[in-house]
Amino acid sequence: YTLPGGSITVEIINLGDSAKTVVADTGIGIKKEDINVIFDRYKRLEVILDYKQAGAGLGLAIVKHIIDSHNGRIWVESHVGKGSNFIFTLPFSLRRRS
């Protein structure tokens with residue numbers, strides 16, 4: 001949801017035992033009250049519907065499931081009108097969950 005002329009950047013940081021990835025955009029941003037639900041299945045925010053973007057509301061839910069399955073963590077930091085940072089960590093070695 002980054003408009004023409006905006007930017008999307010990806011940064012990967014070595015944390016020693018894991019990698020931290022930051023995907024930053026200069027898009028429309030996400031309201032604080034919506035941040036808790038954006039990783040829910042079939043959730044599409046009203047502001048996104050205004051942009052007439054197609055989708056089922058599954059993308060971020062699938063991403064979260066994959067990251068969780070690999071013992072990682074994902075979260076978002078966002079400011080309306082300024083953009084969002086989607087941040088996730090993944091360990092370098094997989095440890096089986098008990």
Side-chain angles (χ1 to χ4, degrees):
Y1 301 99
T2 299
L3 301 173
S7 66
I8 299 171
T9 59
V10 178
E11 178 183 18
I12 302 171
I13 303 157
N14 183 338
L15 299 177
D17 61 346
S18 63
K20 177 179 177 181
T21 302
V22 181
V23 180
D25 68 44
T26 57
I28 60 176
I30 303 165
K31 294 179 191 173
K32 284 184 182 187
E33 60 267 22
D34 290 333
I35 286 179
N36 292 331
V37 299
I38 61 168
F39 295 104
D40 293 349
R41 286 187 214 153
Y42 307 111
K43 184 64 180 175
R44 298 200 63 218
L45 303 179
E46 220 170 284
V47 67
I48 291 170
L49 297 174
D50 292 343
Y51 278 80
K52 309 261 189 275
Q53 295 289 327
L58 288 172
L60 288 174
I62 292 169
V63 168
K64 183 173 182 350
H65 175 75
I66 292 168
I67 290 171
D68 287 349
S69 296
H70 288 87
N71 299 318
R73 183 173 167 251
I74 186 168
W75 66 98
V76 64
E77 298 168 353
S78 187
H79 299 282
V80 174
K82 294 184 179 181
S84 303
N85 291 339
F86 287 85
I87 306 155
F88 65 92
T89 59
L90 288 171
F92 286 130
S93 64
L94 290 177
R95 295 182 191 106
R96 293 184 184 229
R97 291 184 180 181
S98 302

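The structure places CZ of F86 at 13.0 Å from CH2 of W75, a figure rounded to the nearest 0.5 Å. With values rounded to the nearest 0.5 angstrom, H79 atom NE2 is found 11.0 Å from I30 atom CD1. In this structure, I12 CD1 and L90 CG are separated by 10.0 Å, a value rounded to the nearest 0.5 Å.
Judged by distance alone, with hydrogens and angles left aside, the side-chain atoms of D25 form no donor-acceptor pair with the main-chain N or O of G83 at under 3.5 Å.
Note: the hydrophobic cluster containing V76 also contains I74 (ILVMFWY, side chain heavy atoms under 4.5 Å, direct or indirect links). Follow the hydrophobic side-chain contacts under 4.5 Å out from F88 and you reach L60 in the same cluster.
The two atoms that bring S84 and S78 nearest to each other are OG-OG, 2.7 Å, heavy atoms only. Contact record, I66 with H70: O-ND1, 2.8 Å, taken as the closest heavy-atom pair.
Here V80 pairs with K31 under the side-chain contact (heavy atoms from CB on, under 4.5 Å) rule; sequence neighbours left out. In terms of the side-chain contact (heavy atoms from CB on, under 4.5 Å) criterion, residue partners of L15 (sequence neighbours excluded) are, by chain and number, I13, S18, K20, T89. Under the side-chain contact (heavy atoms from CB on, under 4.5 Å) criterion, T26 pairs with T2, S7, not counting sequence neighbours.
Residues I67 and F39 are not in side-chain contact: their nearest non-hydrogen atoms beyond the backbone lie 4.5 Å or more apart.
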